[in-house]
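Numbered from 1 within each chain, the chains take letters A, B, ... in sequence-line order.
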Number of protein chains: 2
Amino acid sequence: MRYSIGQVAKKLGLTTHTIRYYDKEGLLPFVRKGSSGARVFLDEDVDWLLIVECLKGTGMPLKEIKKYIQLCQQGDQTLQTRLEMFKKQKVKIEEQMVILNQYMEKINFKIAYYDDAVKHGSDNIYTRNKWLAKERERVFGHK
Amino acid sequence: MRYSIGQVAKKLGLTTHTIRYYDKEGLLPFVRKGSSGARVFLDEDVDWLLIVECLKGTGMPLKEIKKYIQLCQQGDQTLQTRLEMFKKQKVKIEEQMVILNQYMEKINFKIAYYDDAVKHGSDNIYTRNKWLAKERERVFGHK
DNA sequence: TCTTGACTTAGAGTAATCTCTAACAAATAT
DNA sequence: ATATTTGTTAGAGATTACTCTAAGTCAAGA
């Protein structure tokens with residue numbers, strides 16, 4: 001399949017501005033241009049943008065993503081390096097999942113807290129709700 | 001317990017610059033100052049910073065975090081609003097977990113891909129490894 | 001007392017990532 | 001044939017969140 005920049009933008013929830021910006025920054029060196037000068041995206045280009053999104057979404061700056069694509073362009077001698085890069089990124093995602101679960105505990109605590117507060121119409125909770133007081137100690141880790 | 005800005009910074013892995021910046025932006029209105037003008041942090045202030053970190057880490061901009069603290073200062077009449085804010089944030093975290101799992105699938109695919117590529121010393125993989133070709137279709141969703 | 005280190009403020013500077021504008025070309029719809 | 005949509009470029013501007021500097025205060029240790 002062939003896609004215009006607008007179609008790709010819609011598909012991935014980006015703006016055309018953003019995609020052109022990525023291109024300008026050297027993140028899309030594979031994208032060819034048609035006779036009129038417009039970018040033509042193939043399925044593999046869309047896949048590549050999905051990987052860019054994935055790396056960016058797990059905290060890799062565009063500069064480093066660019067370094068990865070440069071590795072790709074250097075051929076088979078960089079295969080090992082690329083493998084290691086993805087393994088590192090996997091560890092990073094695992095760490096993010098741990099952190100996200102910790103955030104979830106804090107948010108769940110706050111929801112329990114405000115549930116109780118709304119029910120009683122005030123937020124001096126710890127005196128009447130000993131379970132919440134315990135939870136607070138557990139989630140925030142002190143006292 | 002009482003903490004100086006430097007102690008809090010160390011505890012939370014922030015810089016003192018960042019904490020002062022948060023204060024300047026109105027994110028720490030509870031923090032009192034001692035006789036010499038230095039900020040004095042109590043355990044509850046550290047908890048509050050942990051919540052700031054949690055909201056920021058799940059994509060809430062500092063401006064919105066500030067709005068939440070303003071709700072807190074308006075007293076019991078905003079308890080319901082605050083509860084709803086945290087419920088929304090919980091949904092957001094759940095969405096992020098889904099996305100993170102999708103990223104993980106893509107990364108795992110890439111690791112399997114480069115594992116195979118390194119083993120064979122080249123990356124024209126799909127012709128010889130039909131499982132990877134199938135995985136690619138599943139993970140990237142096309143063709 | 002002197003020095004060291006941690007704190008204060010106001011405000012300038014920086015990095016990353018867009019986001020938009022202007023001016024124009026090409027393709028498509030009526 | 002004309003109007004609309006979609007594309008192009010170069011480059012300016014915006015946003016967020018720091019990050020650092022300068023100039024100074026204050027408290028504790030040698």
Open item on the list: Does Y113(A) form a ring pair (Phe, Tyr, Trp, His ring centres under 6.0 Å) with F86(B)? I'd like the steps, not just the answer.
Closed with: CA-CA 10 Å; Y113(A) 176 97; F86(B) 277 105; 9.0 Å; no
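- The salt bridge (Lys or Arg N to Asp or Glu O under 4.0 Å) search around D116(B) returns R128(B), not counting sequence neighbours.
- Residue pairs meeting the salt bridge (charged side-chain N to carboxylate O under 4.0 Å, His left out) criterion with at least one partner in residues 91-108 of chain A, sequence neighbours excluded, are E105(A)-R138(A).
- For R39(A), a side-chain nitrogen or oxygen approaches OP1 or OP2 of dT9(D) to under 4.0 Å.
- Side-chain nitrogen and oxygen atoms of S36(A) include none within less than 4.0 Å of the OP1 or OP2 phosphate oxygen of dG7(D).
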Side-chain donor-acceptor contacts of residues 20-31 of chain B below 3.5 Å, not counting sequence neighbours, with atom names and distances?
from: D23(B); atom 1: OD2; to: R39(B); atom 2: NE; distance (Å): 2.6
from: D23(B); atom 1: OD2; to: R39(B); atom 2: NH2; distance (Å): 3.4

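- By the rule that hydrophobic residues join a cluster once side-chain heavy atoms approach within less than 4.5 Å of another member, V98(B) and L55(A) end up as members of separate clusters.
- R136(B) forms a cation-pi arrangement with Y126(B), by the criterion of a distance under 6.0 Å to the ring centre and an angle within 45° of the ring axis.
- Not counting sequence neighbours, K134(A) has no partner by the side-chain contact (heavy atoms from CB on, under 4.5 Å) test.
- Running 5' to 3' along DNA chain C, contacts with non-hydrogen atoms of chain A at under 4.0 Å begin and end at dA16(C) to dA27(C).
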- [ ] Going 5' to 3' through nucleotides 14-21 of chain D, assign each nucleotide B (protein heavy atom under 4.0 Å from a base atom), S (under 4.0 Å only from sugar-phosphate atoms) or - (no protein heavy atom that close).
- [x] --SBBBBB
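- Put simply, L71(A) and L79(A) are part of two different groups of oily side chains (I, L, V, M, F, W, Y) that touch within less than 4.5 Å, one to the next.
- Mapping G6(A) and S35(B) onto DNA chain D by nearest heavy atom places G6(A) at the nucleotide closer to the 5' end.
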